[in-house]
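Basis for what follows: all heavy atoms, side chains included, without hydrogens, waters or symmetry-related copies.
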Amino acid sequence: MKTGRRTVAVATFVGALGLSVLNAPTAQAADTGITVSDIVINNGKPIVVGTTKVVEPPISFDIALPSGYSTADPFRYDAYPFLYRGSMQTAADTGENFIGPGGYTCYESDAKHARCEGNLYIDPHPSQDHVDSNSDATTWKVGVSLKLFKADGGLKAGERETRSTTVQLKRAAKATTDASPEPVTKGKSITVTGKVTRANWATKKYDAYSGRTVSLQFRAKGADTYKTVKKGTTSSTGGLKTTVTASVDGYYRWVYYGNSTTGVATSTADYVDVR
């Protein structure tokens, strides 16, 4: 049950290759005694980032305070998860390969425990340098920053801890579909074309994604689900082309199911009237 709350607004949003020193986890190694558990990032799913849109994956975690500290004073403790690559020390101290929180709210269940909910913040805009290399599309490790403050606001203890949890960061992909002719006579051929492209974080553009196996799906008019009717492979320009026989009215779409570095792409469906 959510009772009290403590809202933490991070003034300078941070992301991969872009960390404000003010928000960096403290380099001190003194044990805080704070326990952070049940960390869930993006509901356990990979984080997919494109070339322009800010992505704010949800995060949630539990906090338990040590003896002598209470949730009644919001300025006496701080704890938050973050993502990093390579050395945690280097990532946290330099801001390179580091993704931190945009903000979160902690709901106190009692004087010692709180449940926190918020989000990470990733901005692919060139001015932010949050994701500026395609090598960022990989597995990221999870760390936790912990701090305890004195009554006067001064830092008493701080540390960083690693977690066994990992998060996959992926490049966004896009797909298109064009089915013709429309309308078409029953029994005649329908040509279905399309294209698959993938976000290039270095150039902030979408490039052709070649050599990918993509599913052509069809949903009859009035039906609820799509079924795969064919599979195709993208050309050097990311292009797709195949033919099917017209039978009933319905919708065609291309679906790419992604891989370890690339997200799923589903095109807008194209309706074909069969007469």
Side-chain angles (χ1 to χ4, degrees), residues 10 13-19 36-61 80-88 91-92 95-104 116-125 128-144 162-176 195-215 217 226 228 231 234 238 253-268:
V10 178
F13 294 123
V14 298
L17 306 180
L19 171 66
V36 173
S37 60
D38 295 329
I39 301 172
V40 178
I41 299 175
N42 202 36
N43 300 314
K45 300 177 181 179
I47 300 171
V48 180
V49 182
T51 60
T52 59
K53 185 178 179 180
V54 169
V55 177
E56 300 180 88
I59 59 173
S60 61
F61 52 98
Y80 64 82
F82 59 88
L83 308 184
Y84 69 98
R85 291 178 55 204
S87 164
M88 181 173 62
E96 296 183 355
N97 299 321
F98 183 99
I99 297 175
Y104 58 94
C116 301
E117 300 171 354
N119 59 273
L120 299 175
Y121 186 96
I122 308 171
D123 186 351
H125 191 276
Q128 300 300 315
D129 292 330
H130 289 180
V131 284
D132 63 358
S133 170
N134 292 324
S135 63
D136 287 332
T138 187
T139 300
W140 290 64
K141 292 172 281 189
V142 177
V144 177
T162 60
R163 292 292 188 271
S164 59
T165 304
T166 59
V167 177
Q168 197 73 19
L169 192 63
K170 296 186 177 185
R171 296 159 65 180
K174 294 181 179 180
T176 62
K195 188 173 184 178
V196 176
T197 55
R198 179 172 64 157
N200 185 326
W201 289 337
T203 63
K204 306 305 178 186
K205 297 179 180 180
Y206 277 80
D207 298 335
Y209 201 18
S210 63
R212 301 299 102 190
T213 299
V214 188
S215 298
Q217 297 186 338
Y226 280 89
T228 297
K231 291 188 178 182
T234 55
R253 70 180 188 184
W254 288 104
V255 179
Y256 173 59
Y257 285 100
N259 55 37
S260 62
T261 62
T262 309
V264 174
T266 302
S267 74
T268 299

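In this structure, S267 contributes its side chain and R253 its backbone to no donor-acceptor pair below 3.5 Å. A distance-only check finds no donor-acceptor pair linking the side chain of S215 to the backbone of Q217 [under 3.5 Å]. Side chain of K204 to main chain of P124: a donor-acceptor pair is present (N/O by atom type, distance under 3.5 Å, no hydrogens or angles).
Atom OG1 in T165 sits 13.0 Å away from atom NZ in K141 (nearest 0.5 Å). Between L120 atom CG and W140 atom CH2 the span is 10.5 Å, to the nearest 0.5 Å. In this structure, OG1 in T52 is found 9.5 Å from CG in D123, a value given to the nearest 0.5 Å. Interatomic distance, CZ of R198 versus CG of N259, reported as 6.5 Å (0.5 Å rounding). Taken from CG in N119 to CG in N42, the straight-line distance is 11.0 Å, to the nearest 0.5 Å. Atom CE of M88 and atom CG of N97 lie 14.0 Å apart (nearest 0.5 Å).
In terms of heavy atoms, K170 sits closest to A137 at CA-CB, 4.5 Å. Scanning both residues, R85 and T139, for their nearest heavy atoms gives CG-O, 4.5 Å. Looking at every heavy atom in both residues, G102 comes nearest to Y121 through CA-CB, 3.9 Å. Closest approach of D136 and V131 over heavy atoms only: OD2-CA, 3.6 Å. The shortest non-hydrogen separation linking G50 to A172 is CA-CB, 3.7 Å. Closest approach of Y84 to A91, counting heavy atoms only: CB-CB, 3.8 Å.
For the salt bridge (charged side-chain N to carboxylate O under 4.0 Å, His left out) test, no residue two or more places apart in sequence or in another chain qualifies with R212. In terms of the side chain to side chain contact (heavy atoms under 4.5 Å, CB included) criterion, residue partners of N43 (sequence neighbours excluded) are, by chain and number, P58.
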Item to complete: Quick one: do W201 and L169 satisfy side-chain contact (heavy atoms from CB on, under 4.5 Å)? Show the steps, please.
Response: CA-CA 12 Å; W201 289 337; L169 192 63; 4.0 Å; yes
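Residues L83 and V142 meet the side-chain proximity criterion, which asks for heavy atoms closer than 4.5 Å. Between I41 and I47, the closest side-chain pair of non-hydrogen atoms falls below 4.5 Å. Side-chain contact between T266 and Y226: absent, with no pair of heavy atoms (C-beta onward) separated by less than 4.5 Å.
Ring geometry for Y256 against Y209 counts as perpendicular: the plane angle is over 60°, on a 0 to 90° scale with 30° as the lower cut.
Considering N134, V49, T51 in turn, N134 is the only one that fulfils the side-chain contact (heavy atoms from CB on, under 4.5 Å) rule with R171.
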